[in-house]
Amino acid sequence: MDPKNPNRDARSSPQYGLYQRENFWKSNDGQVPPFNTEPGKLEELAKAKLTENGWYYASSNAGQSHTHTANRQSFYRHRIIPRMLVDTNTRDTSTEIFGHKVPAPIGFAPIGINKIYHPAGELPVAKVAGELGLPYCLSTAGSQPIEDVGKANGDGPRFFQLYMPHDDELTRSLLTRAVKSGFTACILTLDTWQLAWRHDDVNTSNYAFYHGIGADLGLSDPVFQKRLKELGIDPVKQPNEAGAAWIDNVWHGRAHTWEKVKWVMGVWKEISGGKPFCLKGIQSVEDANKAVEIGCHGIVVSNHAGRQVDGAIASLDALESIVDAVGGKTYIMFDSGVRGASDVFKALALGAKFVFVGRLWVWGLSIMGETGVRHVMTSLLADFDILLNVAGYRNLSDIDRKALESGLKAYPLLPVTWKL
Ligand code: GLV
């Protein structure tokens with residue numbers, strides 16, 4: 001790629017594709033690219049770096065991993081139709097999300113307990129997201145205080161993912177902290193009142209919070225600190241009990257209903273002055289309709305990357321029907337199973353306005369901390385930029401269902417060990 005390409009000045013979004021050139025050139029300067037970003041290799045490298053528990057948690061899925069498998073299979077069902085001789089010289093990857101102009105339709109999905117992947121936890125991830133100007137979502141199960149994550153993220157757009165406790169004062173406190181720390185949207189997750197049955201995690205007692213790791217977001221909360229006093233738990237002397245008290249408030253195992261969602265929407269509106277409120281974990285048309293009916297600003301079509309309901313439909317398949325039903329009525333985001341730029345493209349073509357990725361950056365963080373997250377995400381952006389160039393799509397509005405040839409939902413049964 002010619003770095004002096006005269007068209008570079010005609011481009012209104014970054015020339016991410018140049019990252020390919022940077023890496024191709026590296027060995028001339030006695031350097032090597034940080035690591036191979038092919039998803040299978042990323043996974044292997046992360047596995048080699050992590051503790052057994054870190055690895056199990058990063059890779060765990062619900063039950064037999066059938067939902068994870070379906071997520072990946074559904075991407076193969078759709079094939080991109082490349083177009084030739086399209087003037088992609090002025091291509092633009094940028095878009096808008098909740099009033100933020102962002103350089104690409106790609107964001108950092110909320111993932112908790114980053115300290116099990118890297119000692120600095122969420123901070124390097126938020127920092128890199130801020131640098132790239134891509135939305136960063138902080139999980140309520142995050143292992144750093146909300147305030148510190150906000151600072152690390154700088155001027156980047158950031159959203160707070162809420163796991164709603166059954167303690168309303170605590171919910172208010174978390175949302176207040178998020179607003180004060182510059183988080184500009186609330187994303188309420190609906191599919192995780194508790195973690196699903198994940199064999200390896202259960203078999204190895206792999207629940208970091210019960211072992212005194214990762215409760216920092218809760219331990220730094222004034223209302224939760226009050227709760228610990230009421231319970232007579234000293235977080236310094238009893239880190240396991242304190243961590244357990246926190247996570248038992250977050251993944252409490254007690255379902256909420258639509259009435260409570262309306263309540264928390266109101267609370268968020270009051271605290272944030274009316275900033276966007278979204279629901280994450282929507283997989284059915286009925287629930288998408290309901291979300292629109294109660295006035296949510298957006299939904300994330302997600303099956304939690306296959307980590308919650310085993311044997312469920314692929315999130316990409318759910319996306320299609322949901323877009324047909326409520327596409328024009330709410331802002332539709334997507335996650336679950338994205339492993340590369342072509343997956344991002346396919347989700348956009350099926351009607352998502354924005355795509356979040358999770359495991360890719362978790363692997364990057366595990367392999368090489370901040371450098372790893374930067375490398376993985378910059379590579380994904382470069383891959384996306386190059387894909388638009390070689391496939392002949394100038395911008396996101398060019399990408400619609402006509403860009404795909406889609407097969408039937410006739411997935412072969414595959415053994416769990418089949419490499420996806
Ligand atoms: C939590 O969100 C998890 O999937 O473990």
Side-chain angles (χ1 to χ4, degrees), residues 43 46 50-72 107-118 121-122 125 136-144 146 149 159-165 174 186-211 213-218 243-244 246-256 278-283 300-312 315 333-338 356-363 365-366:
E43 213 172 344
L50 289 169
T51 60
E52 184 183 67
N53 280 347
W55 167 246
Y56 279 150
Y57 199 70
S59 57
S60 64
N61 295 312
Q64 301 173 71
S65 283
H66 285 177
T67 305
H68 161 70
T69 305
N71 281 341
R72 292 301 305 140
F108 289 65
I111 296 200
I113 348 175
N114 290 185
K115 277 193 181 168
I116 60 178
Y117 308 126
H118 189 273
E122 286 72 11
V125 188
Y136 172 81
C137 301
L138 172 64
S139 164
T140 304
S143 53
Q144 289 284 7
I146 300 175
V149 177
F159 311 144
F160 185 67
Q161 176 274 330
L162 179 67
Y163 287 119
M164 182 162 45
L174 293 169
C186 176
I187 301 179
L188 175 69
T189 295
L190 306 176
D191 58 16
T192 310
W193 312 133
Q194 68 185 84
L195 298 188
W197 190 265
R198 303 173 184 171
H199 297 286
D200 290 332
D201 289 335
V202 174
N203 185 49
T204 55
S205 300
N206 194 18
Y207 205 44
F209 304 96
Y210 280 11
H211 312 296
I213 300 161
D216 314 56
L217 194 151
W246 164 242
I247 204 62
D248 289 350
N249 261 291
V250 174
W251 293 329
H252 36 65
R254 293 164 56 200
H256 287 295
C278 316
L279 296 179
K280 174 172 180 280
I282 300 289
Q283 292 282 281
V300 187
V301 175
S302 162
N303 60 25
H304 216 108
R307 291 166 71 85
Q308 282 302 95
V309 178
D310 191 28
S315 194
M333 298 159 276
F334 173 83
D335 79 24
S336 296
V338 173
F356 288 100
V357 299
R359 278 193 172 105
L360 287 176
W361 68 253
V362 164
W363 291 329
L365 177 68
S366 308

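When a ligand or atom number is given, it counts from 1 through the structure's own listing order. Residues: numbered from 1 along the sequence shown. Just so it is clear, the model here is predicted, and its values are computed rather than measured.
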pair Arg198-Asn206: side-chain heavy atoms closer than 4.5 Å: no
Amino acids contacting ligand 1, non-hydrogen cut-off under 4.0 Å: Tyr57, Tyr163, Leu195, Arg198, Trp251, His304, Arg307
Partners passing side chain to side chain donor-acceptor pair (under 3.5 Å) against Ser139 (at least two apart in sequence or in another chain): Gln161
Sequence-distant partners of Trp246, ring-ring contact (aromatic ring centres under 6.0 Å, His included), two or more places apart: Phe224
Any side-chain donor near an acceptor of the partner, Asn303 and Ser336, under 3.5 Å: yes
4.5 Å side-chain heavy-atom contact, Tyr57 and Arg307: yes
Results of side chain to side chain contact (heavy atoms under 4.5 Å, CB included) for Thr51 - residues two or more places apart only: Asn53
